[in-house]
Amino acid sequence: MTIRIGFTAEDFARVRFAARPAPVPELNAAFQMMFGGGDALLFGRWRRRALRSLPDAVAPLGDLVPAGDPPLFLDVLGETLAEGLDLVEGAPPGLVRAELERIYAGRPSPGWIRELHAGGAGAWPVLRRAQRAAFETVVAPVWPLVQDLHRAEFTRYALLVAAHGVGTALPLLVPGTRLREGTWEWPGADGPGGREITLTGRGLVLLPTFHWTGRPLVQDLPGRPVVVTYAAGPGLPLTPDTAPGTDGSLAAVLGRTRLELLRALADAHTTTALARRLGVSNATASAHASALRGAGLITTARAGRAVEHRRTPLGALLVGDGG
């Protein structure tokens, strides 16, 4: 499915970059990564730790996403957590009912969900407590880092716009997208067909997220600006005690031996040469290389009777070597 957003000249003037990170969308992105199945090598340990740390109060959020597809009324901005939670609670009743019916079509729903569908006031505090508990557990410990990353991304956007203009900056900001004849589009999304979005003067908000690694997410609700949430993080789980890209955070994600192997592959090595350099058996070196190859961090090719391993551009980026 290709997503297309049509711009007029006036619409380009209404594009803005979110001035600050938004707590609720960052929480939503973190939960999608937590319950997703991709990037197991990079995110598997983080997922297991995060899931173990969740308090019981978070359980209603799982009720809202029984099949991994969150309701649209959770997609709000808000510069503080309280503001975002107020916006969720202020969602139009018709949207809340429609989304709950979509999500629970043919499925039995918990009592508090039925109360939410009926407009009962007692259901909203349940959801608010769940969102707050989830944020405090998963996102709050890394929120200062999210703020630093957002400032850096804001600066990148400002420099791109200053150098190239908004029209050129959009596809540079979100790799894999393109702007053609006033339409911003990105192909390759799952599913057949396409999705056409017309701004019609509503404006467009660019919101980077630092817990998400997938394709851009588009929020298109009547009467609101279109929001494009795009992955801008380092491609690693965020941790409170280390900055992304450091040895500490990479070792926590990959494991110390795999990180040493990845660093060793600044030059091509055979399995035997890697084993000798790392002080492990050939079988162990081969197993670690296989895991890194599965994550797209190295490639392996036959060289005579041996095989040679090389870092991919992604592998080089993760260890801070873009050359």
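Computed from heavy atoms alone, side chains included, the values below leave out hydrogens, waters and symmetry copies.
Within 6.0 Å of CZ in Arg20 there are 12 or fewer heavy atoms belonging to other residues, nucleotides or ligands.
Heavy-atom minimum distance, Pro225 versus Val205: CB-CG2, 4.1 Å.
Between Phe35 and Phe31, the ring planes are tilted. Angles from 30° to 60° get that label.
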For Leu72 and Leu221, what are the C-alpha separation, side-chain angles and deciding distance, and is it a side chain to side chain contact (heavy atoms under 4.5 Å, CB included)? CA-CA 8 Å; Leu72 291 178; Leu221 296 176; 4.1 Å; yes

Side chain to side chain contact (heavy atoms under 4.5 Å, CB included) for Val24 and Leu74? Distances and angles first, verdict last. CA-CA 8 Å; Val24 172; Leu74 292 184; 5.6 Å; no

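Side-chain contact of Arg258 with His288: a donor-acceptor pair under 3.5 Å is present, judged by distance alone. A side-chain N or O of His309 and one of Thr300 form a donor-acceptor pair less than 3.5 Å apart. Of the N and O atoms on the side chains of Thr177 and Trp184, at least one donor lies less than 3.5 Å from an acceptor on the other residue. Between the side chains of Tyr230 and Glu153, at least one donor N or O lies within less than 3.5 Å of an accepting N or O.
Using a 4.0 Å cut-off between charged side-chain N and carboxylate O, Arg256 and Glu260 make no salt bridge. Salt bridge status for Glu308 with Arg310: present, with a side-chain N to carboxylate O gap under 4.0 Å. Note on Arg224 versus Asp75: no salt bridge recorded, every NZ/NE/NH1/NH2 to OD/OE distance being 4.0 Å or above.
The cluster map of Ile, Leu, Val, Met, Phe, Trp and Tyr, joined by side-chain heavy atoms under 4.5 Å apart, puts Val227 and Leu173 in different clusters.
Contact annotation: the side chain of Leu238 never approaches that of Trp46 to less than 4.5 Å [non-hydrogen atoms, C-beta and beyond].
Every pair passing side chain to side chain donor-acceptor pair (under 3.5 Å) that includes a residue from residues 129-150 is listed here, sequence neighbours excluded: Asp148-Arg151.
The distance from atom CG of Asp220 to atom CD of Glu196, rounded to the nearest 0.5 Å, is 11.5 Å.
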